[in-house]
Amino acid sequence: MINLRHALNLGGSRGGWQKFLRALDRGRAGGVGKGSTRLREVFGFGSNPGNLRMFGYRPATLADNPALVVVLHGCTQTASGYDLGAGWSTLADRYGFVLLLPEQQRFNNPNGCFNWFQPEHNRRNQGEPLSIRQMIEKSVVDHGIDRHRIFVTGLSAGGAMTSVMLACYPEVFAGGAIVAGLPYGAAANVQQAFESMFQSPSRSPREWGDLVRKASSHRGPWPRISVWHGNVDKTVIPSNALEILKQWTEVHGLPLSPSVKTQTDGFPRSVWINEAGAELIEAYSITNMAHGTPLAVGEAEGACGAPGPFLLPVGISSSYHIAKFFGIAVARAPAERNIVKVSPATHGYTDAEPVLEGEVLDKDDKRGWQQEPMPPLPDIEAVINRALRAAGLIKR
């Protein structure tokens with residue numbers, strides 16, 4: 001059984017856990033949560049082993065060869081609330097791409113967090129990752145998505161699940177953006193999750209890279225990566241951003257030192273460029289920002305979203321700049337067109353097969369492959385529930 005007293009004393013005092021609980025409590029109180037009604041819930045997308053809900057947004061006008069952005073909310077948030085706050089549907093209207101917003105259910109996690117730290121939910125073809133992969137396939141078929149233009153982003157626990165999706169299904173994504181998140185493989189239980197959030201244990205680039213390579217049989221090319229973190233984040237400490245960069249620079253075969261350092265909207269931006277001159281990785285350190293998604297609000301081209309808990313108006317829109325890095329914040333979409341269902345094997349993409357039921361099978365899967373058996377885990381949910389009840393965050 002996990003030693004709850006040890007978990008409460010992470011960082012050398014009870015303060016780390018208590019601050020985290022207070023932050024979650026503030027996240028419940030008011031702000032952006034249920035204000036957006038733009039999303040549509042989608043049913044019948046597959047076997048859904050992770051028991052997630054699927055929400056989507058298709059703008060009235062789609063670009064040619066439309067892109068898909070998978071957006072993963074943080075703890076205490078909803079799909080619609082995070083969309084409203086981060087401004088993704090505003091950008092979808094502006095640039096003609098489709099959104100997929102998976103949503104956690106409180107039955108699965110009492111704080112609405114994606115279970116990125118549980119082995120049954122951070123491996124390929126099982127649990128929450130497979131549910132999200134099935135949602136992606138449903139979106140591709142329904143909206144004629146260009147399979148070479150699928151991206152994923154998320155905040156906090158959603159950022160950690162973004163790392164999971166990029167590692168477990170690298171062949172699916174052209175790019176990903178991790179906002180105040182953690183590297184893939186940072187935790188395999190709740191105690192390790194809090195240790196990673198508050199202490200960020202260091203590993204070598206090779207160790208981090210090996211975790212990605214072991215997550216699938218894929219061997220490249222790899223998704224482009226955008227990393228965002230506030231430099232005074234006390235919920236997921238900023239050194240997690242460095243560990244993410246260790247992981248993905250190593251996978252891409254790049255040095256840990258960036259190719260270029262510059263500023264965007266007054267904030268430091270580091271860029272890693274390959275020999276062909278392509279920007280493969282970028283990292284933003286947001287000065288004096290705590291835990292959350294950076295926003296620039298207003299009507300300007302580089303502004304969108306609305307402030308709320310963990311949605312922080314610091315003067316730079318992460319959503320807008322992530323869309324630019326993905327290459328989908330481009331000229332206004334062409335005239336509206338009707339969407340016709342297409343075969344999953346569109347745009348010359350030969351790797352994908354239907355994933356609406358059961359496991360995913362593509363060229364990176366080995367038939368008959370089975371994962372190594374995992375040792376029995378402690379009752380993580382019961383531990384979390386007891387701690388949350390003690391803190392008064394859920395009813396007894």
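Owing to the predicted nature of the structure, the values given are computational and were not obtained by experimental measurement.
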Practice item. For the pair Thr153 (side chain) and Ala177 (backbone), establish whether a donor and an acceptor sit closer than 3.5 Å, ignoring hydrogens and angles. Key: yes
Check your understanding: Quick one: which of Trp88, Phe114, Tyr82 gives a ring pair (Phe, Tyr, Trp, His ring centres under 6.0 Å) with His73?
Key -> Phe114
**Study point:** Transitive ILVMFWY side-chain link Phe117 to Leu211, under 4.5 Å
**Key:** yes
Check your understanding: Would you say Val70 and Met165 make side-chain contact, with heavy atoms under 4.5 Å?
Key -> no
Review point. Would you call Arg38-Asp93 a salt bridge at under 4.0 Å N-O?
Key: yes
Review point. Which pair of non-hydrogen atoms, one from Pro294 and one from Gly292, has the smallest distance, and what is that distance?
Key: CD-O, 3.8 Å
Point to revise | Polar side-chain atom of Arg219 near backbone of Arg213 as donor-acceptor pair, under 3.5 Å | key: yes
**Study point:** Steps toward side-chain contact (heavy atoms from CB on, under 4.5 Å) verdict (Leu100, Val69)
**Key:** CA-CA 6 Å; Leu100 162 62; Val69 180; over 6 Å; no
Practice item. Would you indicate whether the side-chain heavy atoms of Glu282 and Arg269 approach each other to under 4.5 Å? Key: yes
Review point. Please walk me through it: do Leu52 and Glu103 pass side-chain contact (heavy atoms from CB on, under 4.5 Å)?
Key: CA-CA 6 Å; Leu52 303 178; Glu103 184 175 283; over 6 Å; no
Check your understanding: If you take all heavy atoms of Gly96 and Pro66, which pair is closest and at what distance?
Key -> O-CB, 4.1 Å
Exercise for review: Test side-chain contact (heavy atoms from CB on, under 4.5 Å) on Lys246 and Leu256 and set out the steps.
Suggested key: CA-CA 6 Å; Lys246 286 183 183 179; Leu256 187 55; 4.1 Å; yes
Exercise for review: Please tell me if the side chains of Gln77 and Leu311 come closer than 4.5 Å, counting only heavy atoms from C-beta onward.
Suggested key: yes
Check your understanding: Does Arg133 come within less than 4.0 Å of Glu137, counting only side-chain N to carboxylate O?
Key -> yes
Point to revise | Glu243 versus Trp208, side-chain donor and acceptor atoms under 3.5 Å | key: yes
Review point. Which value, rounded to the nearest 0.5 Å, describes the distance between Ser285 atom OG and Leu242 atom CG?
Key: 11.0 Å
Point to revise | Common cluster, Val190/Ile237, ILVMFWY with side-chain heavy-atom separation under 4.5 Å | key: no
Check your understanding: Step by step, would you call Gln105 with Asn51 a side-chain hydrogen bond (donor to acceptor under 3.5 Å, both in side chains)?
Key -> CA-CA 7 Å; Gln105 301 199 69; Asn51 192 31; 3.3 Å; yes
Check your understanding: Would a distance-only check, ignoring hydrogens and angles, find a side-chain to backbone donor-acceptor pair under 3.5 Å from Asn111 to Cys113?
Key -> no
Practice item. Find the distance between CD1 (Ile178) and CG (Leu182) and round it off to the nearest 0.5 Å. Key: 9.0 Å
**Study point:** Residue pair Thr287 / Asn231, side-chain donor-acceptor N/O under 3.5 Å
**Key:** no
Check your understanding: Where the side chain of Asp83 meets the backbone of Ser89, is there a donor-acceptor pair that is under 3.5 Å apart?
Key -> yes
**Study point:** Test item: side-chain donor near acceptor, Ser216 and Arg124, under 3.5 Å
**Key:** no
Exercise for review: Give the minimum heavy-atom separation between Pro129 and Gln126, together with the two atoms involved.
Suggested key: CD-O, 3.2 Å
**Study point:** Euclidean distance, Thr249 OG1 relative to Ile244 CD1, rounded to 0.5 Å
**Key:** 11.5 Å
Point to revise | Verdict with supporting geometry, Arg203 and Asp210, salt bridge (Lys or Arg N to Asp or Glu O under 4.0 Å) | key: CA-CA 11 Å; Arg203 292 177 178 168; Asp210 283 345; over 6 Å; no
**Study point:** Hphob cluster co-occupancy, Val271 + Ile286, side-chain heavy atoms under 4.5 angstrom
**Key:** no
Review point. Does the pair Glu195 and Ser200 meet the rule for a side-chain contact (heavy atoms from CB on, under 4.5 Å), with working shown?
Key: CA-CA 6 Å; Glu195 288 174 348; Ser200 183; over 6 Å; no
Check your understanding: Under 4.5 Å between side-chain heavy atoms, hopping through other hydrophobics if needed: is there a path connecting Val297 to Leu155?
Key -> yes
Check your understanding: Taking atom CD of Glu299 and atom SG of Cys304, what is their separation to the nearest 0.5 Å?
Key -> 10.5 Å
Check your understanding: Taking the side chain from His218 and the backbone from Gly220, do they hold a donor-acceptor pair closer than 3.5 Å?
Key -> yes
**Study point:** Check: Leu312 and Pro307 side chains under 4.5 Å, non-hydrogen atoms
**Key:** no
Review point. Taking the six-membered ring for Trp, are Phe151 and Phe326 ring centroids under 6.0 Å apart?
Key: yes
Exercise for review: With rounding to the nearest 0.5 Å, note down the distance linking SG in Cys75 to CG in Asn109.
Suggested key: 6.5 Å
Practice item. Please check if the side chain of Trp116 supplies one atom and the backbone of Tyr184 the other of a donor-acceptor pair under 3.5 Å. Key: no
Point to revise | Donor-acceptor pair, side chain of Arg149 and main chain of Asn65, under 3.5 angstrom | key: yes
Check your understanding: Between Trp222 and Trp248, how do the two ring planes meet: parallel, tilted or perpendicular, split at 30° and 60°?
Key -> perpendicular
Check your understanding: Does a sphere of radius 6.0 Å around CD in Gln263 hold more than 12 heavy atoms from other residues, nucleotides or ligands, not counting ones at 6.0 Å or beyond?
Key -> yes
Check your understanding: Any side-chain donor-acceptor pair under 3.5 Å between Asp265 and His321?
Key -> yes
Practice item. Please lay out, stage by stage, how Glu128 and Gln104 fare under the test side-chain hydrogen bond (donor to acceptor under 3.5 Å, both in side chains). Key: CA-CA 9 Å; Glu128 292 174 13; Gln104 182 62 281; 2.8 Å; yes
**Study point:** Passing candidate, ring pair (Phe, Tyr, Trp, His ring centres under 6.0 Å) with Trp228, options Tyr284, Tyr320, Phe267, Phe325
**Key:** Tyr284
**Study point:** Qualifying residue, where the test is side chain to side chain contact (heavy atoms under 4.5 Å, CB included) with Thr162 and the options are Val152, Ile225, Ile132, Val179
**Key:** Val152
Exercise for review: For a side chain to side chain contact (heavy atoms under 4.5 Å, CB included) with Leu68, tell me which candidate from Ile136, Ile328, Val172 qualifies.
Suggested key: Ile136
Review point. Where is the tightest heavy-atom contact between His252 and Pro223, given as atom of each residue plus distance?
Key: NE2-O, 2.7 Å
Check your understanding: For the side chain of Glu279 and the backbone of Trp272, is there at least one donor-acceptor N/O pair under 3.5 Å apart?
Key -> no
**Study point:** Main-chain N/O of Ser196 paired to Asn240 side chain as donor or acceptor, under 3.5 Å
**Key:** yes
Check your understanding: When you check the side-chain N and O atoms of Asn48 and Gln134, is any donor under 3.5 Å from an acceptor?
Key -> no
Point to revise | Pairwise distance OG1(Thr235) to CZ(Phe310) - rounded to 0.5 angstrom | key: 6.5 Å
Check your understanding: Distance-only, no hydrogens or angles: does the His229 side chain make a donor-acceptor pair with backbone N or O of Val236 under 3.5 Å?
Key -> yes
Check your understanding: Any link between Val42 and Met135 through a network of hydrophobic side chains (Ile, Leu, Val, Met, Phe, Trp, Tyr) touching at under 4.5 Å?
Key -> yes
